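Structure record follows, encoded as structure tokens.
What's counted below: heavy atoms across the whole structure, side chains too, no hydrogens, waters or symmetry copies. Being a predicted model, the structure only gives us computed values, none of them experimental.
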Amino acid sequence: MRKLKITFDEIQNNEAVKTYIRRADESLIALGYTEHSFPHVKKVAQLASEILLTLGYDERQAELARIAGYLHDIGNVVNRIDHAQSGAVMAFRILDKMGADPEDIATIITAIGNHDESTAFPVNPVAAALILADKTDVRYTRVRNRDFASFDIHDRVNYSVKKSEVHIEKDSHIELRLEIDTEMCAVMDYFEIFLNRMILCRKAAERLGLEFWLWINGQRLI
């Protein structure tokens, strides 16, 4: 059987993939997590691809990053714990059934299996791009709880981010620029819950030959 170069459009239009993304997010709603549905995975897919293209990687590598970004959270349909590994196994089954090339499958599932900060490492450029795209998606629209009185620290931190931008400077750095409402959340609260993510972003940037910079309210903190 001839192995195919699976495209992002094929993955995005796959009904099983749509179901797993939707049902995974339903589980996270029940658990009280921020949005992990189509807005998140589409944003991650686009940015992961953009990072590699900006840095001069070829179109195929960028498309594999886009596919990995779109599939990266499907493992939440199994359980939030170890969702990266569950998602990698699920992605393998989906891609293999679609007749995808084993080299492409290996790259995609490696990236998915290495995106969660508890076990992640930027083992290849696609994994590094996925990490950066995923961990920099901080925005108030991901908060689903509208009862301010019941906000926990994760709600406060995400809801406080009124503007979030990622800029890539080839051969130099990738930077996350945030504007935070400090009446809603202190800058130290951000570091309390996101420090491990920022450390992982720095490792991912280094894998791509870049520095990682974090700016909050006009001040560079990393």
### Task
Give a yes or no answer on whether the side chain of His115 reaches the backbone of Ile112 with a donor-acceptor pair at less than 3.5 Å.
yes
### Query
Taking all non-hydrogen atoms of both residues, which atom of Gly75 and which atom of Met90 are closest, and how far apart?
CA-SD, 4.0 Å
### Task
Mark yes or no for whether Gln85, through its side chain, and Gly113, through its backbone, hold a donor-acceptor pair below 3.5 Å.
yes
### Asp104 and Ile6: CA distance, side-chain angles, deciding distance, side-chain contact (heavy atoms from CB on, under 4.5 Å) verdict
CA-CA 8 Å; Asp104 289 350; Ile6 297 297; over 6 Å; no
### Task
Among Ile, Leu, Val, Met, Phe, Trp and Tyr joined by side-chain contacts under 4.5 Å, find the other residues sharing a cluster with Leu31 and list them by chain and number.
Leu28, Tyr33
### Task
Scan for salt bridge (Lys or Arg N to Asp or Glu O under 4.0 Å) pairs involving residues 11-25, sequence neighbours excluded, and state none if there are none.
Glu15-Lys18, Arg23-Glu26, Asp25-Arg144
### Query
What's the shortest heavy-atom distance between Val157 and Tyr190, and which atoms?
CG1-CD1, 3.7 Å
### Task
Using side chain to side chain donor-acceptor pair (under 3.5 Å) as the criterion, list what pairs up with Glu169, not counting sequence neighbours.
none
Which atom pairs, donor and acceptor, lie under 3.5 Å between side-chain atoms of residues 210-222 and protein residues at least two apart or in another chain?
{"residue": "Glu211", "atom": "OE1", "partner": "Trp213", "partner atom": "NE1", "Å": "2.8"}
{"residue": "Trp215", "atom": "NE1", "partner": "Glu175", "partner atom": "OE1", "Å": "3.2"}
{"residue": "Asn217", "atom": "OD1", "partner": "Ile180", "partner atom": "N", "Å": "2.7"}
{"residue": "Asn217", "atom": "ND2", "partner": "Ile180", "partner atom": "O", "Å": "3.1"}
{"residue": "Arg220", "atom": "NE", "partner": "Ile222", "partner atom": "O", "Å": "2.9"}

### Query
Any chain of hydrophobic side-chain contacts (each under 4.5 Å) joining Ile67 to Phe92?
yes
#### Entry: In one Ile/Leu/Val/Met/Phe/Trp/Tyr side-chain cluster, 4.5 Å: Phe38, Val44
no
#### Entry: Connected via hydrophobic side-chain network under 4.5 Å: Val123 and Leu208
no
### Message
I'd like to know whether the aromatic ring centres of His72 and His36 sit less than 6.0 Å apart in this structure.
### Response
no
#### Entry: Atom of Ala68, atom of Val126 and distance for their closest heavy-atom approach
CB-CG1, 4.3 Å
### Task
Consider only side-chain heavy atoms of I, L, V, M, F, W and Y, link residues closer than 4.5 Å, and tell whether Tyr70 and Val77 are in one cluster.
yes
### Task
Just grab all the salt bridge (Lys or Arg N to Asp or Glu O under 4.0 Å) pairs involving residues 106-135, residues at least two apart or on different chains.
Glu117-Lys135, Glu117-Arg197
### Message
Could you work out, with side chain to side chain donor-acceptor pair (under 3.5 Å) as the rule, every residue matching Asp147, not counting sequence neighbours?
### Response
Ser150
### Query
Which pair of non-hydrogen atoms, one from Ile131 and one from Phe121, has the smallest distance, and what is that distance?
CD1-C, 4.1 Å
### Charged N-O contact under 4.0 Å between Lys203 and Glu206
no
### Query
Is it the case that more than 12 heavy atoms not belonging to Ile81 sit under 6.0 Å from its CD1 atom?
no
### Minimum heavy-atom distance Ala205-Ile174, with the two atoms named
CB-CG2, 3.9 Å
### Query
Excluding sequence neighbours, so at least two apart, what forms ring-ring contact (aromatic ring centres under 6.0 Å, His included) with His154?
none
### Message
Test question: given the 4.5 Å side-chain rule for I, L, V, M, F, W and Y, name all other residues clustered with Tyr159, or answer none.
### Response
Tyr140, Val143, Phe148, Phe151, Met184
### Message
Around atom NZ of Lys163, are there more than 12 heavy atoms from other residues, nucleotides or ligands closer than 6.0 Å?
### Response
no
#### Entry: Pairs involving residues 73-94, ordered by first then second residue, that meet salt bridge (Lys or Arg N to Asp or Glu O under 4.0 Å) (sequence neighbours left out)
none
### Message
Between Asn14 and Glu10 (side chain of the first, backbone of the second, donor and acceptor by atom type, cut-off under 3.5 Å), is there such a pair?
### Response
no
### Task
List for me each residue that meets side chain to side chain donor-acceptor pair (under 3.5 Å) alongside Thr182, sequence neighbours excluded, and say none if there are none.
none
### Query
Which residues satisfy the salt bridge (charged side-chain N to carboxylate O under 4.0 Å, His left out) test with Arg156, sequence neighbours excluded?
Asp189
### Message
Under the criterion side-chain contact (heavy atoms from CB on, under 4.5 Å), I'd like the reasoning laid out for Ser27 against Asn76: C-alpha separation, chi angles, the key distance, then a yes or no.
### Response
CA-CA 7 Å; Ser27 295; Asn76 284 305; 5.8 Å; no
### Query
What pairs of residues pass the salt bridge (Lys or Arg N to Asp or Glu O under 4.0 Å) test when at least one of them lies in residues 28-55, not counting sequence neighbours?
Glu35-Arg139
### Task
Identify the heavy atoms of Ile94 and Ile74 that sit nearest to each other, and give their distance.
CD1-CD1, 4.0 Å
